[in-house]
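Inspection log for the structure reproduced underneath, given as structure tokens.
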Amino acid sequence: MSASLRASLTLLGLSIVALAAALWLGPTPLADPFARDDITRTIVWDIRLPRALTAWLAGAALGLTGAALQGLLRNPLADSGVLGLSGFAALGAVIAFAFGFATFAPAMSVAFALVAALLVTTLGWTSRGPASLVLIGVGLSSFAGGLIALALNLAPNPGALADLVNWTLGSVEGRSLEHVALAATLLVVGAALIFAAARGLQALTLGEEAAAAIGANLSNTRALVVLGAAACTGGATAVAGVIGFVGIAAPHLVRIFAGHDPARILLPSALAGGALLVCADIVVRVLPTDTELKLGVAATLIGGPVFALIAARLASRGGDT
Amino acid sequence: MSALLSCSNVSVELGKTRALVEVSFDVQPGEVVALLGANGAGKTNLLLASLGLVPFAGQAKLGDASAHALSARDRALRAAYLPQRPQAIWPISVEALVALGRFAHGAAPDRLGPIDQGVVEEAIEACALGALRRRRMDEISGGEKARAHLARALAQRAPLLLLDEPTAGLDPAQALGVADILRAYAAKGGAAVFSTHDIALAAETADRVLLLRAGRIIAEGTPSVALTPDALRDAYGLSARLERIDNGFAAIFER
């Protein structure tokens with residue numbers, strides 16, 4: 001069995017355990033999550049299950065996107081959050097909500113994530129070293145943040161403001177099976193696109209010129225990853241808001257066990273992202289805080305230091321990838 | 001037999017600099033051709049233009065097709081290319097890196113058919129990488145990395161090898177080892193074009209040399225005919241001569 005298959009199976013197992021734990025653990029202690037009384041059934045199957053599945057799907061989408069973007073841009077610091085895809089996806093959804101066409105929020109998320117993906121891959125394609133690419137992402141993220149604030153200011157429906165602000169912090173609270181279906185559909189579409197680019201990502205290990213010289217069609221690879229990243233990030237952001245760092249952390253964790261082949265870490269990164277976010281959401285729910293900590297905030301609290309560590313290690317190696 | 005590579009009036013412009021000016025040459029099967037010239041003379045751009053990897057004017061044909069018209073895969077089946085500074089961005093294993101040479105043949109490093117596996121084995125053996133095959137690319141020395149990347153290019157099994165300074169950074173024994181590999185490649189009906197700053201090695205290894213200066217070919221032919229003191233002075237701005245010694249050549253420079 002290859003290391004990547006072993007990692008995938010392990011992470012699939014962990015995902016299942018985490019999802020089961022998410023049904024059982026929560027602010028309301030349950031002795032038996034499979035009890036047949038109405039209250040238990042409502043808590044477990046109507047509240048906790050959609051919430052846990054939404055967290056898993058969003059985490060998987062972000063983990064997969066992180067692995068794909070890192071491979072495409074040959075940059076270990078790349079992910080939807082850092083490169084501004086999540087910020088743009090949130091902007092798209094905020095515009096849809098604030099101006100009263102909420103049904104189009106997911107489509108707007110995907111479309112805006114696509115714009116960010118195109119911008120960052122075009123501007124960052126030839127960037128020297130990981131830092132300059134990250135700076136492009138920081139620029140896009142701040143720009144998206146500014147436009148979100150502007151959209152909220154101009155919104156004709158200020159009643160929704162508080163909800164929207166909360167939502168830009170990232171949360172899977174109160175999600176329904178409709179959210180699950182939406183995130184799952186976009187994850188399947190995005191994953192199909194990204195897995196079609198897997199061999200191109202493998203070739204890019206040699207750098208752009210040599211990848212082209214061994215026969216990789218790089219414009220194809222790039223288009224597939226950009227579209228796939230937009231679908232995955234748009235879907236994840238539409239159902240869970242902005243959740244940072246899962247996309248960075250998942251591939252890095254996976255490489256420890258599954259090696260560095262950019263094609264072989266795609267599936268385990270998705271599974272790891274899902275498991276990570278379900279676990280983070282369990283922590284958020286069982287923490288005895290007065291108001292529930294937002295999942296996106298928790299992810300940042302854990303992921304931020306991880307990002308800083310990776311960046312510091314890169315810097316100590318001379319900053320080049 | 002028809003030429004594996006034929007360039008006619010190939011020019012490359014990088015911004016306002018003319019990196020290559022109407023260069024024409026052919027490479028026939030069985031030939032080893034060395035590209036010589038000072039830094040910035042146009043050696044790298046000549047290799048890149050041959051592959052259609054930089055925009056150029058004129059015509060470059062790989063076999064019977066224009067380099068521009070070929071798909072990436074078809075191009076890779078006709079010519080293998082080793083860049084001047086080959087990269088392994090992710091620390092994959094030596095074996096996996098060599099296996100990337102089979103990309104155009106439809107093989108992935110983790111899924112090699114028996115033919116691909118055989119070719120990869122041969123390339124690993126030719127470059128003496130047997131003991132290193134499972135090591136990660138970031139755990140081996142510079143010379144070993146260079147050999148791994150050369151093995152990757154060999155595993156591509158294209159009729160034409162285009163190598164940009166394949167012996168840079170190698171010790172003399174390893175550099176001669178690379179020269180032997182190129183000769184063997186040509187002996188089997190392939191052809192190799194390589195750039196180098198090692199004039200003696202070029203003279204020893206190549207059937208033909210192209211001496212470049214400022215994007216133009218200023219001398220061409222067998223090493224002892226083309227590499228005259230005048231031509232070398234033109235190319236490098238130094239008094240230089242090539243001397244035949246016992247089994248090979250020595251290049252002697254004077255200020």
Side-chain angles (χ1 to χ4, degrees), chain A residues 1-6 8 67 70-78 128-130 133 195 197-222 251-252 254-256 258-267 269 313-314 317-318 320-321, chain B residues 44 47-48 50-54 62 67 70-93 95-111 134 136-139 145 148-149 152-153 155-158 160-164:
Chain A
M1 203 193 304
S2 76
S4 115
L5 184 59
R6 205 161 45 229
S8 295
Q70 289 176 19
L72 179 73
L73 297 164
R74 293 146 277 155
N75 189 322
L77 294 177
R128 302 258 171 265
L133 181 71
F195 281 107
R199 295 200 63 226
L201 296 178
Q202 223 160 21
L204 274 168
T205 301
L206 300 175
E208 194 187 343
E209 236 169 40
I214 64 168
N217 183 339
L218 295 185
S219 38
N220 226 338
T221 302
R222 206 159 131 181
H252 279 274
V254 163
R255 286 194 190 99
I256 300 171
H260 289 260
D261 183 328
R264 303 290 281 171
I265 63 162
L266 291 175
L267 178 62
S269 295
R313 226 175 53 195
L314 279 177
R317 281 206 328 233
D320 59 339
T321 42
Chain B
T44 298
L47 294 172
L48 289 175
S50 305
L51 287 160
L53 288 178
V54 285
L62 289 167
L70 289 167
S71 71
R73 182 169 172 272
D74 286 338
R75 185 180 59 212
L77 292 172
R78 289 164 192 243
Y81 169 63
L82 181 68
Q84 192 170 355
R85 284 184 203 81
Q87 293 177 286
I89 286 155
W90 308 105
I92 55 175
S93 70
E95 200 172 15
L97 185 98
V98 177
L100 278 175
R102 301 305 292 166
F103 189 94
H105 300 266
D110 45 318
R111 281 190 302 275
R134 294 196 202 292
R136 279 167 40 157
M137 285 300 289
D138 59 349
E139 294 170 346
K145 279 181 197 161
H149 285 286
R152 191 274 300 156
Q156 206 164 321
R157 278 288 168 89
L160 179 65
L161 272 180
L162 299 171
L163 312 172
D164 202 350

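Here is the naming used below: chain letters follow the sequence lines, and residue numbers restart at 1 for every chain.
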[X] to [Y] - nearest heavy-atom pair and separation:
X	Y	value
B:Gln156	A:Ala213	NE2-O, 3.1 Å
A:His260	B:Pro91	ND1-CD, 3.4 Å
B:Phe103	A:Ala203	CE1-CB, 3.7 Å
A:Ala212	B:Arg75	O-NH2, 3.1 Å
B:Arg152	A:Ala210	NH2-CB, 4.2 Å

- Query: Which residues pass the salt bridge (charged side-chain N to carboxylate O under 4.0 Å, His left out) test with B:Arg157, sequence neighbours left out?
  - Reply: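 Listed in chain order: B:Glu122.
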Heavy-atom proximity to chain A below 4.5 Å, by part of [X]:
X	value
B:Ala107	backbone
B:Ala96	neither
B:Ala158	neither
B:Arg136	side chain
B:Pro86	neither
B:Arg111	side chain

- For the atom pair CG (B:Leu97) and CG (A:Leu206), what is the distance rounded to the nearest 0.5 Å?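 These two atoms lie 5.5 Å from each other.
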- Query: NE2 of B:His105 to CD1 of A:Ile214: how many Å apart, nearest 0.5 Å?
  - Reply: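 B:His105 NE2 to A:Ile214 CD1: 10.5 Å, rounded to 0.5 Å.
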- Closest-packed option against chain A by number of heavy-atom pairs under 4.5 Å, given B:Ser93, B:Ala153, B:Gly106: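 Most pairs with chain A among the choices: B:Gly106.
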- Message: Restricting to side chain to side chain contact (heavy atoms under 4.5 Å, CB included), what partner residues turn up for A:Glu209, sequence neighbours left out?
- Response: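 Residues passing side chain to side chain contact (heavy atoms under 4.5 Å, CB included) with A:Glu209: B:Leu48, B:Leu53, B:Tyr81, B:Pro83.
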- Is it the backbone or the side chain of A:Thr205 that comes under 4.5 Å from a heavy atom of chain B, or both, or neither?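 Contact with chain B is through both the backbone and side chain of A:Thr205.
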- Identify which part of A:Leu218 has an atom lying under 4.5 Å from any heavy atom of chain B, answering side chain, backbone, both or neither.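 For A:Leu218, neither part sits under 4.5 Å from chain B.
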- Top contributor to chain B interface from A:Gly71, A:Ser2, A:Gly259, A:Ala216 [non-hydrogen pairs under 4.5 Å]: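 It is A:Ala216.
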- Just checking, A:Arg74 and B:Trp90: is the charged tip under 6.0 Å from the six-membered ring centre and within 45° of the axis?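 A:Arg74 over B:Trp90 ring: no.
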